[in-house]
Amino acid sequence: MTEIADPRDRLIVALDLPSVQAAEALIDRIGDAATFYKIGYQLGYAGGLALAERLAGRGLKVFLDLKLHDIGNTVEEGVRSASGSGATFLTVHAYPQTMRAAVRGRGAGLKILAVTVLTSYDDADAAEAGYGLPVAELVAKRAAQAAAIGIDGLVCSAAEAGSVRRVVGPDRLIVTPGIRPAGAEAGDQKRVMTPGDARRAGIDHVVVGRPITGAADPRTVAQAIVADLA
Ligand SMILES: O=C(O)c1cc(=O)[nH]c(=O)n1[C@@H]1O[C@H](COP(=O)(O)O)[C@@H](O)[C@H]1O
């Protein structure tokens with residue numbers, strides 16, 4: 001687990017919103033309660049990539065959640081292009097060819113996170129997708145491959161944080177979505193944990209979307225999550 005001086009940096013708010021205007025309004029409402037924002041498909045395809053550069057320019061940390069997976073050349077060049085965005089994190093899927101390409105394209109300052117098994121998957125979903133391993137074993141296998149390839153961090157559920165830490169050692173980042181404050185709706189997430197339990201399991205950062213984006217008072221929810229993480 002890495003040392004993080006400001007506990008707010010452990011919370012990554014997923015800006016899963018339909019427009020840059022909506023994202024900017026949410027960031028204004030959250031104010032200084034959060035320092036780290038994730039831009040994924042929904043906002044990225046609606047002008048969010050330019051927003052990523054603006055947020056980084058304002059000193060906020062940005063996680064570009066592009067979940068790249070393609071032929072090696074395309075991944076390598078895509079990662080190279082994203083290296084100029086000012087983002088701190090970029091995701092790829094944890095396939096060996098894809099991870100090797102991402103490491104080749106990685107520029108200074110950009111950390112590559114490999115998504116092991118999506119937190120919306122349980123063992124039945126993995127079997128339906130053709131995998132012959134239960135989720136926990138597939139996560140551990142992909143984490144070991146990612147570490148051997150030199151990936152900076154892993155995305156998994158907090159339920160696997162302990163086993164992933166044993167596989168990858170203390171220096172690689174563990175970033176966990178599927179985080180729900182006690183009593184919050186899980187929605188389509190199947191492997192969920194509270195922020196405090198995730199922290200005790202040894203994660204570095206949590207990713208939280210709908211519990212914050214859908215809250216009547218997103219700033220208060222973000223502050224409560226940071227307090228639980230601390
Ligand atoms: O890479 C991710 O961030 C990610 C990986 C994963 O396994 N599960 C997962 O939920 N995510 C992302 O984390 C966020 C979770 O959002 P909420 O379920 O609304 O908190 C979404 O933006 C997802 O795209």
Side-chain angles (χ1 to χ4, degrees), residues 10-18 22-23 26-27 30 34 36-46 48-49 51-52 61-69 75 79 82 87-95 98-99 102 110-123 125-126 129 131 135-136 138-140 142-143 146 151-161 164 172-195 197-198 201 203-215 218 221-222 224-226 228-229:
R10 292 200 184 274
L11 168 63
I12 301 173
V13 179
L15 292 171
D16 293 332
L17 294 164
L26 180 73
I27 294 165
I30 292 174
F36 213 146
Y37 288 96
K38 181 173 88 76
I39 294 175
Y41 292 172
Q42 186 183 8
L43 186 59
Y45 291 133
L49 298 182
L51 176 67
K61 296 190 181 61
V62 176
F63 172 173
L64 269 187
D65 183 19
L66 303 184
K67 289 194 181 70
L68 300 177
H69 182 46
V75 171
V79 170
T88 300
F89 292 160
L90 171 70
T91 41
V92 303
H93 280 288
Y95 289 79
T98 295
M99 294 192 286
L110 181 67
K111 290 191 163 68
I112 305 293
L113 305 181
V115 179
T116 54
V117 177
L118 292 167
T119 53
S120 59
Y121 277 53
D122 60 16
D123 288 345
D125 296 306
Y131 296 107
V135 165
L138 193 51
V139 169
R142 289 178 166 174
I151 288 287
D152 302 291
L154 285 306
V155 178
C156 59
S157 92
E160 297 100 42
V164 168
R172 271 170 237 280
L173 297 167
I174 298 180
V175 179
T176 57
I179 295 297
R180 291 291 180 267
E185 291 281 326
D188 53 356
Q189 299 285 6
K190 293 192 178 153
R191 303 187 340 267
V192 298
M193 204 178 269
T194 66
D197 287 345
I203 59 86
D204 294 290
H205 301 272
V206 297
V207 177
V208 185
R210 288 162 288 185
I212 295 176
T213 59
V221 176
I225 292 171
V226 170
D228 202 14
L229 289 168

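Counting starts at 1 for both ligands and their atoms, in listed order. Predicted model only: the values in this text are computed from it and were never measured.
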Q: Does ligand 1 have a heavy atom under 4.0 Å from the side chain of Cys156, from its backbone, from both, or from neither?
A: neither
Q: So is Asp65 polar-close to ligand 1, meaning N/O to N/O under 3.5 Å?
A: yes
Q: Where do Arg191 and Asp125 land on the salt bridge (charged side-chain N to carboxylate O under 4.0 Å, His left out) test, with the steps shown first?
A: CA-CA 12 Å; Arg191 303 187 340 267; Asp125 296 306; over 6 Å; no
Q: Do any nitrogen or oxygen atoms of Gly209 lie less than 3.5 angstrom from nitrogen or oxygen atoms of ligand 1?
A: yes
Q: Once you restrict to heavy atoms under 4.0 Å, what part of Leu118 touches ligand 1? Side chain, backbone, both or neither.
A: both
Q: Provide the closest heavy-atom pair for Ile179 versus Ala158 in the form atom of the first, atom of the second, distance.
A: CD1-CB, 4.5 Å
Q: Should Ser157 be listed as contacting ligand 1, given a heavy-atom distance under 4.0 Å as the test?
A: no
Q: Quick one: look up the protein heavy atom nearest atom 1 (O) of ligand 1 and list residue, atom name and how far away it is.
A: Lys67 NZ, 3.0 Å
Q: Is it true that the NZ or CZ of Arg10 lies under 6.0 Å from the centre of Phe36's six-membered ring and within 45 degrees of the ring axis?
A: no
Q: For the pair His69 and His93, name the ring-plane relationship: parallel under 30°, tilted 30 to 60°, perpendicular over 60°.
A: perpendicular
Q: For Thr119, which part has a heavy atom under 4.0 Å from ligand 1: side chain, backbone, both, or neither?
A: both
Q: Ring centres under 6.0 Å, that's the criterion: do Phe63 and His205 meet it?
A: no
Q: Give the residue and atom name of whichever protein heavy atom lies nearest to atom 12 (C) of ligand 1, and the separation in Å to one decimal.
A: Lys38 NZ, 3.6 Å
Q: Looking only at non-hydrogen atoms, find the nearest pair between Ile174 and Ala161 and report the distance.
A: CD1-O, 3.7 Å
Q: Among all protein heavy atoms in this structure, tell me which lies nearest to atom 21 (C) of ligand 1, with the distance rounded to 0.1 Å.
A: Asp16 OD2, 3.3 Å
